[in-house]
Structure formats: C-alpha cells, structure tokens
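The structure under discussion appears below in the form of structure tokens.
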Amino acid sequence: MKLGHVIESQQFTLPMLVELFEVADQMERIIARGGTQDYQNKIMASLFYEHSTRTRFSFESAMYRLGGKVLSTERANTFSSVAAGETLEDTIRVVSSYADVIVLRHNEIGGAARAAAISTVPIVNAGDGKGGQHPTQALLDLYTIYKGVKTIEGVKVALVGNLTDGRTVRSLAYLLGKFERVKLYFVAPDSFQIKQDILDYLTKHNVWFARESNLKKILPEVDVVYSTRIEPELLTQRGERLETISQYFIDDTLLKLLPSHALVMHPLPRLHEISPTVDSNSRAVYFKQTKNGVLIRMALLASVLGY
Ligand code: CP
C-alpha cells in the first residue's frame with residue numbers, strides 16, 4: 001500500500017485497514033529485533049501548532065525505530081516563523097522542501113487539508129482544531145479494539161464525554177462506521193453531544209447509533225467504553241456543572257456494570273474521566289493504546305514513504 005496524504009478517517013477502506021494492521025503487527029516484531037535502518041535516508045518533520053505528548057513523541061519514536069531522521073517543533077506558533085506572522089501555506093511550502101513527510105497538528109479545523117493542498121510531500125493530520133479530525137489516533141484506537149475483541153464486526157461501543165469538539169471520537173466514529181453490524185452509543189449531556197454531520201454520515205451508511213445521556217444504563221450493553229475529556233473551562237460556557245458531568249466518570253463502581261470482556265479506552269490525556277484505581281484492571285487498555293500508537297504510526301509512515 002502506498003499512502004499519500006492522511007487527512008481524514010473516511011479515506012481508509014476496509015482492505016487498507018486490514019493491510020495497515022498487518023504492517024503494524026510486523027512493526028511489533030521489528031521493534032523486538034531492535035528496529036530497522038530501512039528509512040535511514042528519509043526525514044519526517046513534526047510540525048505541531050498545539051501541545052501534544054503522545055502523538056508527537058509516538059510519531060518521532062516511530063520514525064527513529066524505522067531508522068529515519070526527525071525535524072521537530074512542538075510549539076510552531078511560538079518557536080517557528082509563524083510567530084512572525086508566516087501563513088500555514090508558506091510554512092508548508094518551506095518545510096516540504098526539507099522533509100519527505102510532514103506530521104502536522106494544527107489549531108484550526110481543515111488545517112491539514114489546507115496544508116495538503118500546498119505540500120509537495122505527504123501531510124499526515126495529527127489533529128486539526130476543536131471538532132476536526134485525528135485520524136491516526138482513530139487508527140490506533142481501532143487497532144486496539146481489534147486486538148482486544150478480535151472482530152470489529154458487530155462491536156458495541158459507547159463513546160463518552162465531549163463528543164461535540166472531540167476530534168478523536170469523530171474520527172473513530174467514521175472508522176467504526178465502516179464495519180458491519182456495529183452499534184454506536186453517543187453518551188453525553190445534550191450540551192456536549194455528537195454533531196449532526198457524524199449522524200448524517202452514519203445514517204447514510206446504515207450504521208446503528210443512539211444518543212444517550214445515562215452512562216450507567218449503557219455500560220452493561222457494550223464491548224467498549226471509549227471515554228474522552230470534558231474540559232472544565234467549557235462547563236460554564238455550556239451551562240453544565242461538574243457534579244452533572246461526574247456521572248460520566250468511570251470508577252470502580254461503574255466498572256462493575258461493564259461486561260467482563262469489555263475494554264475501557266481513552267485517547268488521553270485524562271482529567272477525572274477515569275479514576276486511577278481503574279488502571280490496574282485488566283479491562284483498562286488506555287496505556288496499550290499509547291503503545292499501539294507507535295506500531296500504527298510506524299505502519300503509516302512506512303506506507304507513506306513506500307515499502
Ligand atoms: N491522544 C492525543 O492526541 O494525545 P496528545 O494530545 O498528547 O498527542
């Protein structure tokens with residue numbers, strides 16, 4: 001598989017996902033052998049306009065494990081010529097002459113697509129704006145579900161938290177919607193519910209979904225609960241109180257409602273959504289997600305750079 005720009009989840013077909021997961025499995029074996037030098041002549045630029053721990057480090061780790069080189073700025077708004085007023089388009093024109101692939105996190109919805117329209121090298125969307133997309137996170141999430149429940153067909157997933165702005169949930173909903181008999185429960189208070197564009201896409205593709213506000217009711221039904229942050233600074237803006245939101249926080253009591261085979265997921269970083277007491281439970285896979293992120297990002301970089 002030769003990938004070009006990676007901008008949104010919808011661009012991935014089922015055969016592409018199968019191949020990507022096979023390559024990710026191979027990458028696990030390559031890491032166990034100490035990595036490879038196959039990409040020693042390749043350079044990845046990681047251009048981040050927003051803070052990140054997992055996405056930037058895992059992409060950089062992935063590139064190093066492939067033998068490649070990395071150019072990086074973790075706060076492009078402050079430390080690159082963006083601070084002098086340079087446009088995204090000019091920055092991309094310049095950086096695409098220095099690197100073979102650009103991993104871009106941008107603060108505006110559509111930032112990655114704008115970059116792709118200009119770039120002479122592949123752009124990988126590492127998250128664009130509040131309510132945009134984060135396709136590589138969704139790919140590692142899907143891979144973790146696949147590893148955890150074995151078959152994605154028929155999987156029942158509760159997506160919980162700030163579904164309005166959460167780009168990981170949006171990208172994951174698009175990906176899950178590609179599989180047969182999937183059931184998606186969007187669990188949030190009305191002020192943080194999923195936007196109509198996702199529901200329209202799921203309806204068009206005959207994907208079963210429900211919008212819910214009661215997490216306790218849904219937990220016994222699902223194979224996966226995928227929790228996301230509700231940023232405290234948004235609560236007052238949306239007319240919500242922390243006490244109302246706390247019903248969506250997963251602790252040992254809520255965990256008892258979840259089937260014994262089910263997975264507890266979170267893209268991280270977390271605030272209060274999952275109690276640290278849940279971490280040692282075998283169903284908690286959010287740190288597996290971060291590890292799988294390196295495998296999936298190695299597979300993506302190899303696919304973009306050619307193998
Ligand atoms: N999940 C995720 O995107 O984390 P970072 O913001 O730390 O990259």
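For ligands, and for the atoms within them, numbers begin at 1 and follow the listed sequence.
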Q) Under 3.5 Å, N or O to N or O, is P269 touching ligand 1 that way? A) no

Q. What atoms of ligand 1 come within less than 4.0 Å of a heavy atom belonging to T53?
A. 5 (P), 7 (O), 8 (O)

Q: Give the contacting part of T168 toward ligand 1: side chain, backbone, both or neither, where contact means a heavy-atom distance below 4.0 Å.
A: neither

Q) For the residue pair H272 and F249, does the interplanar ring angle fall in the parallel (under 30°), tilted (30 to 60°) or perpendicular (over 60°) class? A) tilted

Q: Heavy-atom contacts with L268 under 4.0 Å: which atoms of ligand 1 show up? List them by number with element.
A: 1 (N), 2 (C), 4 (O)

**Q.** For Q137, atoms of ligand 1 separated by under 4.0 Å from a heavy atom
**A.** 1 (N), 2 (C), 3 (O)

(Q) Between R170 and D197, does any NZ, NE, NH1 or NH2 come within less than 4.0 Å of an OD or OE carboxylate oxygen? (A) yes

(Q) For atom 6 (O) of ligand 1, what is the closest protein heavy atom, and at what distance to 0.1 Å? (A) R105 NH1, 2.9 Å

Q: Using distance alone, decide if ligand 1 has a nitrogen or oxygen within less than 3.5 Å of any nitrogen or oxygen in R56.
A: no

Q. Do S58 and R297 have side-chain atoms, one donor and one acceptor, less than 3.5 Å apart?
A. yes

Q: May I ask you to identify the nearest protein heavy atom to atom 4 (O) of ligand 1, giving residue, atom name and distance to one decimal place in Å?
A: R54 NE, 3.1 Å

Q. Counting distance only, does the side-chain N/O of S119 pair as donor-acceptor with the main-chain N or O of P122 below 3.5 Å?
A. no

Q. Any donor-acceptor pair under 3.5 Å linking the side chain of E8 with the backbone of P135?
A. no

Q: Answer yes if the side chains of Q133 and S171 hold a donor-acceptor pair under 3.5 Å, and no otherwise.
A: yes

